[in-house]
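Input: a single structure, listed below in structure tokens.
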There are 2 protein chains.
Amino acid sequence: MASSRTTDRTTIRTVAADAGVSVAAVSKVLRNAYGVSDELRARVETSIARLGYRPRAAARAMRGQTDTIGVLLADIRNPFFSDIMDGVHSALERTKYQSLVGISQSALSIELALVDAMTDRPMDGLILVAPRMVAADVTVTALRSPTVLIGHHEPQATLFDTVNDNDRLGAQLVVEHLVATGRSDIAFLSLEIDDPINALVTSQREIGYRAAMAENGLSAHVDIVRAGQSSRETQAAARRMLKSGERPEAIFCWTDFVALEVLSVARELGLSVPEDVAVVGYDNTSYCDLAQNDLTSVDQSGHTLGLQAARLLIERIKGRISPEHFVVTPRLVARGSSRPRT
Amino acid sequence: MASSRTTDRTTIRTVAADAGVSVAAVSKVLRNAYGVSDELRARVETSIARLGYRPRAAARAMRGQTDTIGVLLADIRNPFFSDIMDGVHSALERTKYQSLVGISQSALSIELALVDAMTDRPMDGLILVAPRMVAADVTVTALRSPTVLIGHHEPQATLFDTVNDNDRLGAQLVVEHLVATGRSDIAFLSLEIDDPINALVTSQREIGYRAAMAENGLSAHVDIVRAGQSSRETQAAARRMLKSGERPEAIFCWTDFVALEVLSVARELGLSVPEDVAVVGYDNTSYCDLAQNDLTSVDQSGHTLGLQAARLLIERIKGRISPEHFVVTPRLVARGSSRPRT
DNA sequence: GCATGGGCGTAGACCGTTCTACATAGCACC
DNA sequence: GGTGCTATGTAGAACGGTCTACGCCCATGC
């Protein structure tokens with residue numbers, strides 16, 4: 001079966017024979033290692049080009065590097081993750097590294113399986129985006145291969161790097177903005193998670209929200225609603241919040257994606273935004289700027305996060321041991337969905 | 001450097017020693033190959049569990065399978081591709097296969113590099129989603145590993161399978177719907193591509209659009225505008241179309257993602273949808289259903305496409321040689337953005 | 001003239017699996 | 001008791017790279 005496929009691929013041995021040198025010499029050229037004369041290099045490169053030779057990553061992986069980094073994404077639907085990937089790609093552009101992505105669908109079990117799969121592959125390093133796993137699991141992973149986390153607060157960690165937005169501050173900016181525009185009854189629509197840990201961005205935003213409400217003397221108004229990932233659950237939660245007798249004056253959503261659903265439900269219920277209810281998102285994804293959404297949001301530059309993570313990872317692959325924890329400062333981008341009421 | 005990381009991983013030899021059997025025996029158990037007694041299997045499995053052994057994919061790749069399939073996505077931003085990935089994941093759920101994704105950012109050069117990287121990895125098979133490459137390149141790829149294409153029309157191909165929507169029909173449905181709702185000046189906003197080929201979904205939709213316009217005696221109104229991927233280019237094109245003296249009565253966009261931008265521009269220009277201009281998308285992604293978009297679109301069930309592709313790929317990996325070409329029939333989902341004018 | 005050392009290239013072990021070819025045991029049958 | 005067959009387990013050669021250890025050559029210094 002599939003026997004027609006064994007095309008007798010050209011290997012390093014073929015190249016060596018063609019160039020009339022040893023296998024080791026070809027390997028040296030490939031890795032541009034020390035001890036190769038210009039003449040030998042030229043000869044080998046000519047043969048490589050003529051034969052169209054490509055080293056097999058699998059064989060390479062057994063002893064050396066694979067020049068591949070693995071990215072674990074929780075959720076491909078959230079457009080914010082596209083921004084992160086853009087950043088990763090631009091950091092990798094001029095390097096020898098390529099990225100391969102695993103999608104965990106926000107399920108812890110899949111996440112763990114994927115990390116295992118990637119370490120078995122193996123990859124030279126891993127970028128985990130918004131992972132759900134607990135510190136112990138991250139540690140195990142980091143011991144096996146260089147690791148950088150995005151969107152996971154573990155500022156004391158020494159075995160891996162982290163790249164984060166200051167999520168507490170971001171939430172505070174939102175609350176302050178809403179207060180400044182005349183709202184005080186501000187609810188937070190967060191994400192429901194089985195075993196929430198403080199490292200999660202949603203937890204951090206909840207903390208920031210609580211703190212800011214307290215600072216503004218609004219502790220009595222604190223209202224955190226948590227809904228699952230799915231559109232159905234999100235809409236149901238939004239509907240409950242907007243229909244209830246004491247509808248909040250503003251809903252702050254943990255991510256833009258959710259805020260768009262809230263806007264939709266509000267419109268369906270005949271409510272006007274921002275008159276009847278203000279809506280604010282988080283991440284400042286490209287959807288916020290569309291006129292039909294006109295959504296106030298918090299910018300944390302996914303591009304920068306991805307870029308930094310990739311940079312740090314490469315440093316770590318190259319041997320850095322000391323941990324680095326990069327934090328970007330969020331910035332509120334006010335749009336129509338939170339304009340002061342007239 | 002990173003020497004602390006060499007944790008002396010347990011290998012198949014460790015397991016063999018622990019269970020008191022040969023390496024080959026362990027390998028047999030792992031692959032559940034023929035010629036293993038229940039007693040031996042039990043013994044080996046106990047050792048595997050006790051040692052927490054995991055076979056390394058890289059070593060495995062050198063002779064056998066890797067149980068990994070590669071998916072090449074053109075663009076992670078387009079939410080339609082999320083639907084496809086959902087389908088792929090559900091097909092793979094109960095199998096031993098895992099998927100790893102490469103993102104080409106709609107660039108032909110990256111696409112080719114990624115396909116090479118994946119074949120070198122190697123993967124057991126490849127799913128290429130909306131690839132730009134020409135038939136010759138696909139053929140080369142298919143000769144190296146089992147391949148299924150999604151969103152690439154090559155119905156005669158024998159070396160690989162394809163999974164497609166009937167894009168011509170989809171475009172026809174749109175034109176007919178718009179005609180039925182009283183429009184005749186219907187423009188098509190398509191995608192600009194350097195070297196367009198007929199196999200692309202955009203080309204197919206253009207063909208369907210032209211044909212349907214002709215059938216309805218509207219050939220004089222045929223107007224195909226092509227814009228690049230970026231939001232900036234899309235908006236610029238939309239602005240030109242909507243501002244011009246002879247603004248069309250309807251704009252049919254090649255994908256939802258673009259239609260959302262058009263809705264935004266229309267609103268910015270103070271035009272009302274669908275009164276001043278009707279807008280229709282393609283793919284029926286989840287954004288269409290949001291009240292602020294309320295976008296008419298064509299459903300081609302990305303979930304089904306992904307599911308079928310994964311199924312076909314596994315069949316092919318298992319030895320099927322004869323080509324299969326799966327085609328789904330699109331369905332128009334009418335919403336507010338194309339309601340008849342009152 | 002001879003030891004020294006740096007530059008260059010090579011031989012061959014090694015990485016962790018798979019898989020073919022073969023050895024052995026047990027059993028049925030004559 | 002010998003023969004043939006099946007069922008089970010094993011030895012060892014792949015797979016295609018990397019990388020260490022070493023040898024050769026030539027220039028240099030004394």
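Lettering follows sequence order; numbering is per chain, from 1. These figures come from a predicted structure and were not determined experimentally.
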Atom CZ in Phe81(A), atom CZ in Arg77(B): separation rounded to 0.5 Å? 13.0 Å

Which residues within residues 41-69 of chain B lie with some heavy atom under 4.0 Å of an atom in DNA chain D? Met62(B), Arg63(B)

How many angstroms lie between CG in Leu305(B) and CZ in Phe326(B), if you round to the nearest 0.5 Å? 7.5 Å

Contacts of Glu39(B) meeting salt bridge (Lys or Arg N to Asp or Glu O under 4.0 Å) (sequence neighbours excluded), chain-then-number -> Arg43(B)

Closest heavy-atom pair and its distance - Leu126(A), Ser145(A): CD2-OG, 4.1 Å

In whole angstrom, give the distance that lies between atom CG of Leu40(A) and atom P of dG9(C). 5 Å

So if I take residues 113-122 of chain A and measure heavy-atom distances to DNA chain C, which residues fall below 4.0 Å? none

Please report, to 0.1 Å, the donor-acceptor pairs under 3.5 Å made by any side chain of residues 94-102 of chain B, with sequence neighbours excluded.
| unit_1 | atom_1 | unit_2 | atom_2 | d |
| --- | --- | --- | --- | --- |
| Thr95(B) | OG1 | Leu92(B) | O | 2.8 |
| Thr95(B) | OG1 | Tyr97(B) | N | 3.1 |

Show every donor-acceptor pair shorter than 3.5 Å between a side-chain atom in residues 131-140 of chain B and any protein atom, with sequence neighbours excluded, or say none if there are none.
| unit_1 | atom_1 | unit_2 | atom_2 | d |
| --- | --- | --- | --- | --- |
| Arg132(B) | NH1 | Ser106(B) | O | 3.3 |
| Thr139(B) | OG1 | Ala135(B) | O | 2.9 |

Just list the side-chain donor-acceptor pairs under 3.5 Å for residues 48-62 of chain B, sequence neighbours left out, or say none.
| unit_1 | atom_1 | unit_2 | atom_2 | d |
| --- | --- | --- | --- | --- |
| Arg50(B) | NH2 | Asp18(B) | OD2 | 2.9 |
| Arg54(B) | NE | Asp120(A) | OD2 | 2.9 |
| Arg54(B) | NH2 | Asp120(A) | OD2 | 2.5 |

Starting from the C-alpha separation in whole Å, work towards a yes-or-no answer on side-chain contact (heavy atoms from CB on, under 4.5 Å) for Leu307(A) and Ser90(A). CA-CA 7 Å; Leu307(A) 190 79; Ser90(A) 46; 3.6 Å; yes

List the atom pairs, with distances to 0.1 Å, where a side-chain N or O of residues 27-35 of chain B and a protein N or O form a donor-acceptor pair under 3.5 Å, not counting sequence neighbours.
| unit_1 | atom_1 | unit_2 | atom_2 | d |
| --- | --- | --- | --- | --- |
| Ser27(B) | OG | Arg31(B) | NE | 3.0 |
| Ser27(B) | OG | Arg31(B) | NH2 | 3.2 |
| Arg31(B) | NE | Ser27(B) | O | 3.2 |

All pairs passing side-chain hydrogen bond (donor to acceptor under 3.5 Å, both in side chains) where residues 61-74 of chain A contributes a residue, at least two apart: Thr66(A)-Asp124(A), Thr68(A)-Arg121(B)

Using five base pairs at each end to define the local axes, how bent is the helix from dG1(C)-dC30(D) to dC30(C)-dG1(D), to the nearest 10°? 60°

What range of DNA chain D does chain B touch, first nucleotide to last, counting atoms under 4.0 Å from its heavy atoms? dA7(D) to dG16(D)

For a quick test of reading the model, state the closest non-hydrogen atom pair linking Ile317(A) to Ile69(A) and the distance between them. CD1-CG2, 4.1 Å

Sequence neighbours excluded, the answer for salt bridge (Lys or Arg N to Asp or Glu O under 4.0 Å) partners of Asp161(B) is Arg316(B), Arg320(B)

To the nearest 0.5 Å, what is the distance between CD1 (Ile321(B)) and CG (Leu159(B))? 9.5 Å

Please round to the nearest 0.5 Å and tell me the distance separating atom CG of Leu114(A) and atom CG of Leu73(A). 10.0 Å

Between Asn164(B) and Val327(B), is there a donor-acceptor pair closer than 3.5 Å when you use the side chain of the first and the backbone of the second? no

Close residues, residues 23-32 of chain B, relative to DNA chain D [heavy-atom separation under 4.0 Å]: Ala24(B), Ala25(B), Lys28(B)

Would you say Ser37(A) reaches dG9(C)'s phosphate, i.e. side-chain N/O to OP1/OP2 under 4.0 Å? yes

